[in-house]
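Single-structure report; data block below.
As the structure is a prediction and not an experimental result, all values here were calculated from the model.
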Amino acid sequence: MQESKQLPGEARSLSSSQEHEYRPQPRALHADDIKRYWVQTAATTKTNVSVTAMKQKLLDYLLSDRFQPPAANAPHRGIVIPTGGKHYLPQAIVALRTLRHHLGCTIPVQLVWCGKDEMLEPVWSFLEREFAPLTGYDACAHESLPGHWYKGPSKGFNLKAYGLLAAPFKEVLLWDSDVVPAVCPDSLFDSEEFKLHGNMFWGDVYGEGMFQKKVYRLLGLQDQVHDLIATGKGIFNRYAESGAMMVDRTRHLDMLEWAWWMNAMGHDLTYNYMYGDKDTFGVAFAMAGKPTEYYQVPVPPGGVWTHDSNLDWHPDKKQLLRQGHWWMNSLAHFSPSGQVLWQHRVTGEIHMWADAPPRDELVSPPMPSSWTMYHMAFAPNDGSAQFPSIVVMPYNLTWLHAISATTPATPGCPPLVWAAYWHMRTHAVPVAVNTTLEELCCGHGHAQGEGGASTGGGSWAALRQRSLVTLDTGAGAIAAQGAKHHPCWGAAGDRPHLLGINEAWERRTNGPYSGWGVPREPLWAVPLNMTELWVTWAAMNETWHWQHAQEALRPLMKKRRRDRS
């Protein structure tokens, strides 16, 4: 008789309007389905523990009554942030203060740390009062471990996988502590993509150079799962950037058990063949027998940059030369429709002991992989790259503000303002939607493409000529390049920025080269204060000063001993 275990359906406590939304229900767990892509392996960890034996232990657990989905009365959704200590906790405080005080978000948050040294009681009491609703716990204060675990949580990558597995929420968004939100994430939970897939991951700047396929055989998986997982990554096929992850735990708790299984082995096996926890989650879907259910947002990250003359620290000089003396402080991540969501400050982290908060200057559109592989990894490091790595567009805020000066005496579309706005919106720069400008330049009807009628701005050919906009930004050229939308199509508020994130633009920038070839074009960027991401820098800057005024946070001021070199 086939082993099976039926998972109860998701308990719902939603409004009547939400009850009819399409959200696939959890499937029954069957041993044959879980093992669909399994093969035999003789691999062992560094501690000589059999991978096959550990797989069987977890399988037995998943098919037993001990494995239970989230309780019916569990909170519906929330954010989990692994953090703690003098380095990571100040970063998390930026996220919390941005959420609560700058964006007005009330979504519950749970902090997870490891060890008493990571969270002092007076600091925790202050955070709990200041940023409610807020909960937290020491994940490493466990007295005993389940029998199917390899080891318990620890400081480092595996704390994130554990945080997702142990989260109290049915739907959970996990952030690294150095994520700074630009919007409340509530709408992301209600997005059609999350409803359909029950998970959401974001791609990194590179392709798959940090992933060794031999890990599949070591874990006892067929090689074909690599291509099956890639179906959820779309045309860009980046490895995962695990600074942010979303999972519906009512549907994918089994996957999270496998993700924890892999991350618990960490440096004893898994991390030797992939970059930390990044791609363990995609592989975990394959371990659970459902690799095609992995979903990665089809928008590559943009970059937030600072010129090396304004850096207060000394990063990799060779990489600075490859990048034309610009340094990427953080990644800008987008929703599936192209809305900017947050910065992940991968190198530009905030330190309370620093003389000032980091300085951000430019933001770029989503970055093609050929550009990142060349200018961030393999280009000549002596400054002899074939063209400038980043071109700064000479836009300034007054161009967009000029629309407010338009009066009945001077009706019509302001050409220079429109040219700048059009260029940014259609290249996926996270500039705020200006409906007034769009109405003046696009009219109330839908654009008809090159030569078509448009009630407010005339034909697109005429508008392009009036605005001195280059051929690259004309509606006909956009359509020819494969984009399905531009700022003047669709209802107000439903105008995704797609030129910078569609397949044709990626190919145009990547050129005929593959692998490590030279990209055909430089990346371009605009001043940060032109964009919606300005709120993230402003909030970070304000929080850095605010932290220094809080007596309860004084323990975080002292520099860590190992940073005193």
Side-chain angles (χ1 to χ4, degrees), residues 78-100 109-128 130-131 134-141 152-164 166-167 172-181 241-245 263 266-267 271 275-278 304 313 315 329-331 333 342-354 356-358 536-537 539-541 543-548 550 552-565:
I79 299 172
V80 169
I81 305 178
T83 188
K86 295 181 178 67
H87 180 84
Y88 294 108
L89 192 52
Q91 327 286 343
I93 293 174
V94 173
L96 289 169
R97 187 162 175 84
T98 305
L99 271 177
R100 299 293 191 240
V109 177
Q110 181 181 76
L111 303 186
V112 184
W113 58 89
C114 181
K116 292 182 179 180
D117 60 318
E118 294 286 280
M119 184 69 73
L120 301 177
E121 183 58 38
V123 174
W124 171 246
S125 297
F126 172 80
L127 299 179
E128 203 172 17
E130 183 72 24
F131 301 118
L134 181 69
T135 59
Y137 68 97
D138 183 352
C140 297
S154 59
K155 297 182 191 334
F157 292 128
N158 84 15
L159 190 59
K160 294 195 286 182
Y162 178 80
L164 284 170
V172 58
L173 168 62
L174 182 137
W175 282 341
D176 274 2
S177 57
D178 51 3
V179 166
V180 187
E241 204 285 293
S242 59
M245 302 173 276
N263 281 274
H267 295 289
Y271 297 167
Y275 191 74
D277 65 314
K278 288 179 181 289
V304 178
W313 60 296
N329 278 333
S330 62
L331 300 175
H333 283 296
W342 49 69
Q343 285 195 53
H344 181 198
R345 303 196 62 83
V346 289
T347 62
E349 297 168 326
I350 186 170
H351 302 297
M352 287 185 65
W353 57 75
T536 60
W537 183 87
M540 183 186 68
N541 183 69
T543 302
W544 186 86
H545 294 283
W546 174 84
Q547 285 178 326
H548 284 72
Q550 308 307 311
L553 300 182
R554 292 291 178 188
L556 304 180
M557 290 286 294
K558 189 176 181 181
K559 196 171 185 178
R560 295 182 304 169
R561 183 183 301 275
R562 64 182 178 182
D563 288 335
R564 292 181 176 178
S565 57

Checklist outcome for this item: The reported gap from CH2 in Trp124 to OG1 in Thr135 (rounded to nearest 0.5 angstrom) is 6.0 Å

Item to check | Nearest atoms (heavy-atom pairs only) where Pro153 meets Cys114 | outcome: O-SG, 4.5 Å

Next on the checklist: Assess the residue pair Leu134 and Leu111 against the criterion (side-chain contact (heavy atoms from CB on, under 4.5 Å)); give the C-alpha distance rounded to whole Å, side-chain angles, the decisive distance to 0.1 Å, and a yes or no.
Outcome noted: CA-CA 8 Å; Leu134 181 69; Leu111 303 186; 3.9 Å; yes

Item to check | Residue pair Met540, Arg345: steps toward the side-chain contact (heavy atoms from CB on, under 4.5 Å) verdict | outcome: CA-CA 11 Å; Met540 183 186 68; Arg345 303 196 62 83; 3.3 Å; yes

Item to check | Modelled atom types, side-chain donor and acceptor of Tyr271 and Asn263, under 3.5 Å | outcome: yes

Item to check | Distance, nearest 0.5 Å, that separates CG of Asp176 from CE of Met245 | outcome: 7.0 Å

Next on the checklist: Nearest 0.5 Å, please: how far is CD in Gln343 from CG in Asp178?
Outcome noted: 10.5 Å

Checklist entry - Heavy atoms, side chains only, cut-off 4.5 Å: are His333 and Val179 in contact? => result no

Checklist entry - Any donor-acceptor pair under 3.5 Å linking the side chain of Gln91 with the backbone of Ile350? => result yes

Checklist outcome for this item: Scanning both residues in full, the closest heavy-atom pair of Thr536 with Pro181 reads CG2-O, 3.4 Å

Next on the checklist: Looking at every non-hydrogen atom in both residues, tell me the closest pair between Gly115 and Asp138 and how far apart they are.
Outcome noted: N-OD1, 2.9 Å

Item to check | Min side-chain heavy-atom separation Pro315-Thr347 under 4.5 Å | outcome: no

Checklist entry - Roughly how far, to the nearest 0.5 Å, is OG1 of Thr83 from CG of Leu96? => result 8.5 Å

Item to check | Atom pair CH2/OG of Trp537 and Ser330 - distance to nearest 0.5 Å | outcome: 13.0 Å

Checklist entry - So, for Tyr137 and Gln110, which heavy atoms are closest and what is the spacing to 0.1 Å? => result CE2-OE1, 3.4 Å

Checklist entry - Is the shortest heavy-atom distance from the side chain of Glu130 to the side chain of Arg97 under 4.5 Å? => result yes

Next on the checklist: Working to the nearest 0.5 angstrom, can you tell me the gap between Thr543 OG1 and Ile93 CD1?
Outcome noted: 9.0 Å

Next on the checklist: Using 30° and 60° as the class boundaries, would you call the ring planes of Trp342 and Trp175 parallel, tilted or perpendicular?
Outcome noted: perpendicular

Item to check | Within-4.5 Å side-chain heavy-atom neighbours: Pro82 and Leu174 | outcome: yes

Next on the checklist: Determine whether Met119 and Leu89 satisfy the following criterion, side-chain contact (heavy atoms from CB on, under 4.5 Å), listing intermediate values before the conclusion.
Outcome noted: CA-CA 8 Å; Met119 184 69 73; Leu89 192 52; 3.8 Å; yes

Checklist entry - Which atoms form the tightest heavy-atom contact between Trp544 and His351, and what is the distance? => result NE1-O, 3.0 Å

Checklist entry - Is the closest side-chain heavy-atom distance between Trp546 and Leu553 below 4.5 Å? => result yes

Next on the checklist: Surrounding OH of Tyr275 (heavy atoms of other residues, nucleotides or ligands, distance under 6.0 Å), is the total greater than 12?
Outcome noted: no

Item to check | For Pro90, side-chain contact (heavy atoms from CB on, under 4.5 Å) partners two or more places apart | outcome: Met352, Gln547, Leu556

Checklist entry - At their closest point, which heavy atom of Trp113 faces which heavy atom of Gly84, and how far apart are they? => result CB-CA, 4.3 Å

Next on the checklist: Determine whether a donor-acceptor pair (N or O, by modelled atom type, separation under 3.5 Å) exists between the side chain of Lys160 and the backbone of Asp277.
Outcome noted: no

